[in-house]
**Q** 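Could you have a look at this structure, given as structure tokens, before my questions?
Everything numeric in this text was worked out from a predicted model, so none of it was measured. Note that ligands are numbered from 1 as they come in the structure, with each ligand's atoms numbered from 1 the same way. Reckoned from all heavy atoms, side chains included, excluding hydrogens, waters and symmetry mates.
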Amino acid sequence: MTDDPRPSAVDGLPLASLVPGASGVLTGVTLDSRRVRPGDLYVGLPGASTHGARFADAAAAAGALAVLTDAEGASLAAGSGLPVAVVEDPRVAMADVAATVYGRPGDRVELFGVTGTNGKTSTVFLLDAALTALGRTVATIGTIGYRLAGAPVESSRSTITTPESPDLQALLGVLVEGGADTVAMEVSSHALALHRADGMVFDAAAFTMLGQDHLEFHHTMEEYFSAKAKLFTGGRTRAAVVNTADDWGRRLAAMVAAEGAATLVTTLGEDADYRVRWAEPLPAGGSRVLLDHPGGEVEFTLSMLGEFNVANAVTALALIGATGGDVRAAARGLADAHVPGRMQRVDLGEGRPHVVVDFAHTPQAVAAALNALPATGRRIAVLGAGGDRDPSKRGPMGRAAARGADVVIVTDDNPRSEVPGTIRASVLEGARGRGAEVVDGGDRRSAIARALAMAGPDDWVAVLGKGHETGQDVGGTVSPFDDVAVVRELGGQ
Ligand SMILES: CC(=O)N[C@H]1[C@@H](OP(=O)(O)OP(=O)(O)OC[C@H]2O[C@@H](n3ccc(=O)[nH]c3=O)[C@H](O)[C@@H]2O)O[C@H](CO)[C@@H](O)[C@@H]1O[C@H](C)C(=O)N[C@@H](C)C(=O)N[C@H](CCC(=O)O)C(=O)O
Ligand SMILES: Nc1ncnc2c1ncn2[C@@H]1O[C@H](COP(=O)(O)OP(=O)(O)OP(=O)(O)O)[C@@H](O)[C@H]1O
Ligand SMILES: N[C@H](CCC[C@H](N)C(=O)O)C(=O)O
Ligand SMILES: [Mg+2]
């Protein structure tokens, strides 16, 4: 198994500052007893299935020096023989201790954060390309993993968009040691709600948009919005880049302005600081864009399909402008930027249909992705919805697909612990009766085969929902599955 990356040099923290009278210096922090290293603080957190403090014995055996936990965890950890620090919210304390132990690596780089329901990964990749054009050594942290100067940084946690604070602080330390001068990271709403990025001050943070997702975790859109808004208030960022094209963004901009803690930079809305004067599609796909911004006009090209990628590019440039960077030079870096599994073209050769693999897994993203396809032939959408995730987005995803495509083939997308056919039924119900031809395509391979078999040379097949993913989770067993590879295999003739 890949180890969690840790920096070789740390500041450490005298244990006595957490547990008065205790001796020793903490040199690491972990919240998983199976990953404790000698000298660590073990944080016993309450979880969905168990309480981490139950594993204090195992943590002690692995060399932990102390336990940090909540009131419930105190009694569970008592038998471990380790000193126990009890706090009301161990996640808040954990973030602070982790930042201190690892020497606040976030302060030693220019730090950019991106939040929003859709567009975080894409914006971070575009930001990486634009900053690299300015000669920066850029590290990225997000859904597709962690990278330094374009090369992957291996981690056992690399499937988590925003790592838990001990992993995040250690990773930042490794990135700084590796020479990063700039970090661009996705900050998920889970991360904000769970204090994963506490103890860091961003130089600039951006809000892409808000749409329906993750209501199984945040319960209401209001609660979801509040989690996102945390990134822009309370001194967590010096500059706030907010897309004011929709009501949520306008509300956020008003909150930031009222608080007055961060410099507000608006994008895309009427009278925004960064506005697209015009954007025209390029024959080979992508766009040519004229951007108005406080420093003047900038013309640039983008090879990624979709108006929303123009929006993501503008967000990336606004983040750079908000920190005093050269927007014009940065924009040159966008021309060839691509994001794995985001509006990714799969070329099947002459006379074969056009195929796009995309990560659209919310109603808004499905609509945006289908709307981005050039108007030749029919649009054939292949999609499903994830198991153990917000069930209320399934019908709306089907509806968005039926509105945006001529044919909707409903299939599986990581059913996880749920019955695949039941998830498909909800998506099918949303899709039916809206004028599109709607088909239950069964498993994902069969559904992709069906789409490719029915598509003519002018048609567009959009395989949505899994993007860069390389596995399909059915009943907790993950089997290899890569949409791009399957399309190539089945589409070759
Ligand atoms: C579903 C969920 O929210 N899980 C989170 C939760 O795990 P849990 O409640 O299932 O934990 P548990 O199994 O009850 O165990 C409780 C504690 O005991 C510890 N433990 C457990 C067993 C053991 O042998 N030793 C041990 O130390 C665990 O590390 C844990 O801290 O507590 C863990 C930390 O303690 C989190 O890392 C974990 O997030 C997991 C990784 C996760 O996937 N979360 C998703 C929902 C997530 O964070 N997604 C966002 C959004 C992505 C997006 O943009 O859409 C992300 O940023 O990735
Ligand atoms: N600015 C945007 N507005 C609306 N939809 C978008 C935008 N950017 C991307 N999308 C759509 O959302 C999908 C996911 O994009 P991306 O991976 O960049 O988002 P994300 O916020 O990182 O998602 P996740 O939280 O799942 O990691 C894309 O494949 C595309 O279909
Ligand atoms: N970050 C999102 C990704 C969803 C991707 C989709 N393929 C699914 O499995 O639902 C989530 O974990 O909800
Ligand atoms: Mg992402």
**Q** Give the numbers and elements of all ligand 1 atoms closer than 4.0 Å to a heavy atom of Asp32.
**A** 25 (N), 26 (C), 27 (O), 29 (O)
**Q** Work out whether the distance between some heavy atom of His361 and some atom of ligand 1 is less than 4.0 Å.
**A** no
**Q** Any idea which atoms of ligand 1 are less than 4.0 Å away from a heavy-atom of Gly47?
**A** 9 (O), 11 (O), 14 (O), 16 (C)
**Q** Among all protein heavy atoms, pick out the one at the shortest distance from atom 55 (O) of ligand 1; state its residue, atom name and that distance to 0.1 Å.
**A** His214 NE2, 2.7 Å
**Q** Quick one: which of Lys466, Arg445, Arg444, Arg488 gives a salt bridge (Lys or Arg N to Asp or Glu O under 4.0 Å) with Asp483?
**A** Arg444
**Q** With no hydrogens and no angle check, do the side chains of Ser417 and Asp388 hold a donor and an acceptor under 3.5 Å apart?
**A** yes
**Q** side-chain contact (heavy atoms from CB on, under 4.5 Å), that's the test. Do Met185 and Thr162 meet it? Break it down for me.
**A** CA-CA 8 Å; Met185 63 180 282; Thr162 312; 3.8 Å; yes
**Q** Looking only at protein heavy atoms, identify the closest one to atom 36 (C) of ligand 1 and say how far it is in Å.
**A** Glu164 OE2, 3.2 Å
**Q** Could you walk me through whether Asp96 and Arg104 pass the salt bridge (charged side-chain N to carboxylate O under 4.0 Å, His left out) check?
**A** CA-CA 9 Å; Asp96 186 47; Arg104 303 203 173 265; 3.1 Å; yes
**Q** Under 3.5 Å, is there a donor on one side chain and an acceptor on the other for Ser426 and Arg394?
**A** no
**Q** Between the candidates Ile160, Val43, Thr162, Asn118, which shows the shortest non-hydrogen contact distance to atom 41 (C) of ligand 1?
**A** Ile160
**Q** Answer with yes or no whether the side chains of Asn371 and Glu307 bring together a donor and an acceptor at under 3.5 Å.
**A** no
**Q** Where is the tightest heavy-atom contact between Ala133 and Gly333, given as atom of each residue plus distance?
**A** CB-CA, 3.6 Å
**Q** What I want to know is whether Arg416 and ligand 3 share at least one N or O pair that is separated by under 3.5 angstrom.
**A** yes
**Q** Side chain, backbone, both or neither: which part of Lys393 has a heavy atom under 4.0 Å from ligand 3?
**A** neither
**Q** Kindly confirm or rule out a cation-pi arrangement of Arg35 over Tyr42, judged by NZ or CZ under 6.0 Å from the six-membered ring centre and within 45° of its axis?
**A** no
**Q** When you measure from atom 32 (O) of ligand 1 to every protein heavy atom, which one gives the shortest distance, and what is it?
**A** Arg91 NH2, 4.0 Å
**Q** Can you tell me the protein heavy atom closest to atom 31 (O) of ligand 1 and the distance?
**A** Leu31 O, 3.3 Å
**Q** Polar-atom distance check: His361 versus ligand 3, any N or O pair below 3.5 Å?
**A** no
**Q** For Ala93 and Val87, work out which heavy atoms get closest and say how close.
**A** CB-CG2, 4.1 Å
**Q** In the protein, which heavy atom is nearest to atom 11 (C) of ligand 3, and how far is it?
**A** Arg389 NE, 3.3 Å
**Q** Starting from atom 15 (O) of ligand 1, what is the nearest protein heavy atom, named by residue and atom, and what distance separates them?
**A** Thr50 CG2, 3.5 Å
**Q** Side chains of Glu186 and Thr115 only: does a donor on one sit below 3.5 Å from an acceptor on the other?
**A** no
**Q** Tell me: protein heavy atom nearest atom 5 (C) of ligand 3, and distance?
**A** Glu469 OE2, 3.4 Å
**Q** Would Arg54 count as a contact residue for ligand 1, given that I'm defining contact as a non-hydrogen atom of the residue lying under 4.0 Å from a ligand atom?
**A** no
**Q** Taking all heavy atoms of Leu171 and all of Val153, pick out the closest pair and write down the distance.
**A** CD1-CG1, 4.1 Å
**Q** Can you check which of Arg196, Arg389, His190 brings a heavy atom nearest to atom 39 (O) of ligand 1?
**A** Arg196
**Q** Please report the closest heavy-atom contact between Thr27 and Val10, naming both atoms and the distance.
**A** O-CG2, 3.8 Å
**Q** Can you pull out the closest protein heavy atom to atom 17 (C) of ligand 1? Residue, atom name and distance to 0.1 Å, please.
**A** Leu45 O, 3.6 Å
**Q** Can you tell if the side chain of Leu231 reaches within under 4.5 Å of the side chain of Thr237, non-hydrogen atoms only?
**A** no
**Q** To which protein heavy atom is atom 1 (N) of ligand 3 closest, and what is the distance rounded to 0.1 Å?
**A** His214 CE1, 4.4 Å
**Q** Against heavy atoms of Tyr42, which atoms of ligand 1 measure under 4.0 Å?
**A** 26 (C), 27 (O)
**Q** Below 4.0 angstrom from a heavy atom of Ser188, which ligand 1 atoms are there? Numbered from 1 as shown, please.
**A** 50 (C), 51 (C), 54 (O), 56 (C), 57 (O)
**Q** Quick one: does atom 22 (C) of ligand 1 have a protein heavy atom under 4.0 Å from it?
**A** yes
**Q** Does the side chain of His468 pick up a donor-acceptor pair with the side chain of Arg342 at under 3.5 Å?
**A** yes
**Q** Taking the Mg ion (ligand 4) as the vertex, what is the angle from OG1 of Thr143 to OE1 of Glu186, given to 10 degrees?
**A** 90°
**Q** My question is simple, although I want it checked carefully: is atom 51 (C) of ligand 1 less than 4.0 angstrom from any protein heavy atom?
**A** yes
**Q** Among all protein non-hydrogen atoms, which one is nearest to atom 18 (O) of ligand 1, and what is the separation to 0.1 Å?
**A** Gly52 CA, 3.3 Å
**Q** How far is atom 10 (O) of ligand 3 from the closest protein heavy atom, and which atom is that?
**A** Gly386 CA, 3.3 Å
**Q** Between Ala436 and Val408, which heavy-atom pair has the shortest distance, and what is it?
**A** CB-CG2, 4.2 Å
**Q** Go through ligand 3 atom by atom and flag the ones less than 4.0 Å from a non-hydrogen atom of Asn414.
**A** 7 (N), 8 (C), 9 (O)
**Q** Relative to the heavy atoms of Ser33, which atoms of ligand 1 are at a distance of less than 4.0 Å?
**A** 23 (C), 24 (O), 25 (N), 26 (C), 27 (O)
**Q** Quick check: does Thr161 put an N/O/S atom under 2.8 Å from the Mg ion (ligand 4)?
**A** no
**Q** Return the closest protein heavy atom for atom 7 (O) of ligand 1 as residue, atom name and distance.
**A** Ala48 N, 4.9 Å
**Q** Check each atom of ligand 3 against the heavy atoms of Asp413 and keep those under 4.0 Å away; list them by number with element.
**A** 6 (C), 7 (N), 8 (C), 9 (O)
**Q** Examine Gly465 against ligand 3 and note whether any of their N/O atoms are separated by less than 3.5 Å.
**A** yes
**Q** Any atoms of ligand 1 less than 4.0 Å from a non-hydrogen atom of Lys120? List them with their elements.
**A** 54 (O)
**Q** Is atom 4 (N) of ligand 1 less than 4.0 angstrom from some protein heavy atom?
**A** no
**Q** Begin from the C-alpha positions of Asn118 and Thr208 and carry the test side-chain contact (heavy atoms from CB on, under 4.5 Å) through to its verdict.
**A** CA-CA 7 Å; Asn118 300 127; Thr208 60; 5.6 Å; no
**Q** Can you tell me how far apart CD (Gln364) and NZ (Lys393) are? Round to the nearest 0.5 Å.
**A** 10.5 Å
**Q** Side chains of Thr315 and Asn312: is there a donor and an acceptor less than 3.5 Å apart?
**A** no
**Q** Closest approach of Trp460 and Leu305, non-hydrogen atoms and distance?
**A** CZ3-CD1, 4.4 Å
**Q** Considering the heavy atoms of Phe359, write down every atom of ligand 3 situated less than 4.0 Å from one of them.
**A** 3 (C), 5 (C)
